[in-house]
Number of protein chains: 2
Amino acid sequence: MALTRAEQRRQTEDRILAAARRLFADNGYDRTTIRAVAAAAGADPGLVMRYFGSKDELFARVAEVPSDGPVSGSPEEVAELLLAALDGKLRGDLSGTLAMLRSMLTHPDAGQEMRAAISGQQRQVAAALPADDALLRAGLIGALTLGTIIGRDLLGLDGVRDADVADIVRVLRPAVHAIARPPG
Amino acid sequence: MALTRAEQRRQTEDRILAAARRLFADNGYDRTTIRAVAAAAGADPGLVMRYFGSKDELFARVAEVPSDGPVSGSPEEVAELLLAALDGKLRGDLSGTLAMLRSMLTHPDAGQEMRAAISGQQRQVAAALPADDALLRAGLIGALTLGTIIGRDLLGLDGVRDADVADIVRVLRPAVHAIARPPG
DNA sequence: CACATCGGTCAACGGCTGTAGACTGAACGG
DNA sequence: CCGTTCAGTCTACAGCCGTTGACCGATGTG
């Protein structure tokens, strides 16, 4: 079963991308080297450069910022939408997202991109909340989401790391509603 | 006003420590170089090594993990204690803590130390919560705290970065209570 | 079959890093 | 006043990094 050149190339690219995703997610941007990615993919460092241009471009290819759909409705509905989105994130394959999360505090571009992504979601949520501190409330829901994923997947907190996703969402539900619903 | 040798040395050490705190907090462990710390402190790189031994030891000297007092009481009381602790953290000088937070996702030792610190607090909180998922609940309160500080001080989220500490705590209060108080 | 293309390999570059050690000169203690 | 201590400086090493460009050999194409 001889491979065509195009097939061969795509296979190698995929191996490099998979290795990069895993290493960036495990070690962050700075501690991940082109040489290590190449070795993990069974390829040559020079090849990685030729295919992806630079370390930054490779990182941009695999570090995904989670983009949620639009949200609207009553505060209660918005809260449920956000909880459903969190549920999905906690269940899905996070390796691309973890690469971004792991690097966002030390790699300026990653931090900027993550900040922008949260801001987008935040503004939509704020628009649906009838409170004058709506932006603060939306931001704190984002912070709760962020902290939960970091605590579970990056720090591995006891009691969170091995918890069922359903349990996490169940415990968080009243909290998200409490932030979304202004007092009164 | 001639300085004694001891005074001179302590002044230089302090300048180095202050510069290291700021640079580690701003840029994280990997992107902070001994040379940059020395330059910011108006000192020589070799001197930094002589006084603090290694980059890791210097980091350990300035990267503080926030240690809260013991907590106990009813779930409501515990929630209030945690909110008061968060209030204090958000008001105080965080530069040492930010150095730790900024680096915890990419520097293994920092991550380990932060994880251990949260675990300690977490176990105390869990012991006070009458629920079989108490550890999960305690961990998620920790995640909320973590996310809030990261969102405000490290990512600078809109609506959170410039919010009054009192407002942040006010919005978070019902959420923390909701997680601490088991349903029923 | 001859030639161009392109996946893959290799060696090297310049730069930056943490760290070590020799050195200078002024503040100390006897 | 002499010898020691020690803050501070300078230079250098060894290693790792991202990136580059020359090279090889098999696959494509006319």
Side-chain angles (χ1 to χ4, degrees), chain A residues 1-24 26-63 99 102-103 106-110, chain B residues 1-24 26-63 99 102-103 106-110:
Chain A
M1 55 166 289
L3 293 176
T4 74
R5 251 201 311 217
E7 289 169 334
Q8 182 71 275
R9 155 129 194 192
R10 210 173 61 83
Q11 276 198 12
T12 304
E13 275 192 0
D14 287 350
R15 264 185 297 126
I16 294 173
L17 287 173
R21 223 182 325 264
R22 192 172 61 78
L23 289 177
F24 279 132
D26 287 351
N27 308 322
Y29 181 87
D30 287 317
R31 291 175 121 91
T32 299
T33 68
I34 294 280
R35 284 169 165 88
V37 169
D44 186 90
L47 204 60
V48 176
M49 294 301 297
R50 184 113 72 84
Y51 287 169
F52 299 97
S54 70
K55 183 182 178 181
D56 272 287
E57 292 178 73
L58 177 61
F59 179 74
R61 283 281 244 107
V62 300
R102 174 88 68 186
S103 307
T106 41
H107 189 298
D109 291 1
Chain B
M1 54 165 292
L3 293 176
T4 75
R5 251 201 313 215
E7 288 169 335
Q8 182 72 274
R9 154 128 195 193
R10 210 173 61 82
Q11 275 197 15
T12 305
E13 274 193 0
D14 287 351
R15 263 184 298 128
I16 294 174
L17 287 173
R21 220 180 330 261
R22 191 172 60 80
L23 289 177
F24 279 132
D26 287 351
N27 308 322
Y29 182 87
D30 286 317
R31 291 174 120 91
T32 299
T33 67
I34 294 280
R35 284 169 166 85
V37 170
D44 187 90
L47 205 61
V48 176
M49 294 301 296
R50 185 113 72 84
Y51 287 169
F52 299 98
S54 71
K55 184 181 176 181
D56 271 288
E57 293 178 73
L58 177 61
F59 179 75
R61 283 281 244 108
V62 301
R102 174 90 66 186
S103 307
T106 41
H107 189 296
D109 292 0

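Letters A, B, ... mirror the listed sequences (proteins, then strands); counts begin at 1.
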### Task
Run the salt-bridge test on A:R9 and A:E13 with the 4.0 Å N-O cut-off and return the result as yes or no.
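Salt bridge between A:R9 and A:E13, a charged N being under 4.0 Å from a carboxylate O: yes.
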Sequence neighbours left out, cut at 3.5 Å: what donor-acceptor pairs do the side chains of residues 42-51 of chain B make with other protein atoms?
from  : atom 1 : to    : atom 2 : distance (Å)
B:D44 : OD2    : B:G46 : N      : 2.8

### Task
List for me each residue that meets ring pair (Phe, Tyr, Trp, His ring centres under 6.0 Å) alongside A:F59, sequence neighbours excluded, and say none if there are none.
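A:F24, A:Y29, A:H107.
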### Query
Is A:F52 touching bases, backbone alone, or none of the nucleic acid, heavy atoms closer than 4.0 Å?
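Nothing: the residue A:F52, judged by heavy atoms under 4.0 Å, touches no strand.
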Determine the minimum heavy-atom distance between [X] and [Y], stating which atoms define it.
X      : Y     : answer
A:R102 : A:N27 : CG-C, 4.2 Å
A:L58  : A:I34 : CD2-CD1, 4.4 Å
B:V37  : B:A19 : O-CB, 3.8 Å

### Query
Nucleotide range of DNA chain C contacted by chain A, 5' to 3', under 4.0 Å to a heavy atom?
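Answer, 5' to 3': C:dT5 to C:dA12.
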### nucleotides 14-25 of chain D: protein proximity per nucleotide (B base, S sugar-phosphate only, - neither; heavy atom, under 4.0 Å)
---BBBB-----
### Task
Can you sort out the partners of B:D56 under salt bridge (Lys or Arg N to Asp or Glu O under 4.0 Å), two or more places apart, ordered by chain and number?
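Checked B:D56 against salt bridge (Lys or Arg N to Asp or Glu O under 4.0 Å); zero matches.
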### Query
Bend across the helix from C:dC1-D:dG30 to C:dG30-D:dC1, to 10°, with axes taken over 5 pairs at each end?
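End-to-end axis angle for the helix from C:dC1-D:dG30 to C:dG30-D:dC1: 0°, rounded to 10°.
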#### Entry: Check: A:R15/A:T12 side-chain N/O donor and acceptor closer than 3.5 Å
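A pair is found: one side chain offers a donor N or O, the other an acceptor, under 3.5 Å apart.
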### Task
Starting at atom CD1 of B:I16, determine the distance to atom P of D:dA7, rounded to an integer number of angstrom.
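Taking atom P of D:dA7 as the reference, CD1 of B:I16 is at 11 Å.
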### Query
Can you check the B:Q8 CD to D:dG8 C1' distance for me, whole Å?
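Computing the B:Q8:CD to D:dG8:C1' distance gives 9 Å.
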### Query
Could you give the distance from CD (A:Q8) to CD (A:Q11), rounded to the nearest 0.5 Å?
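Rounded to the nearest 0.5 Å, the CD-CD separation comes to 6.0 Å.
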### Query
Looking only at atom types and distance, does a side-chain atom of A:R31 sit under 3.5 Å from a main-chain N or O of B:T106, one as donor and one as acceptor?
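Side chain of A:R31 to backbone of B:T106, a donor-acceptor pair under 3.5 Å: yes, one is there.
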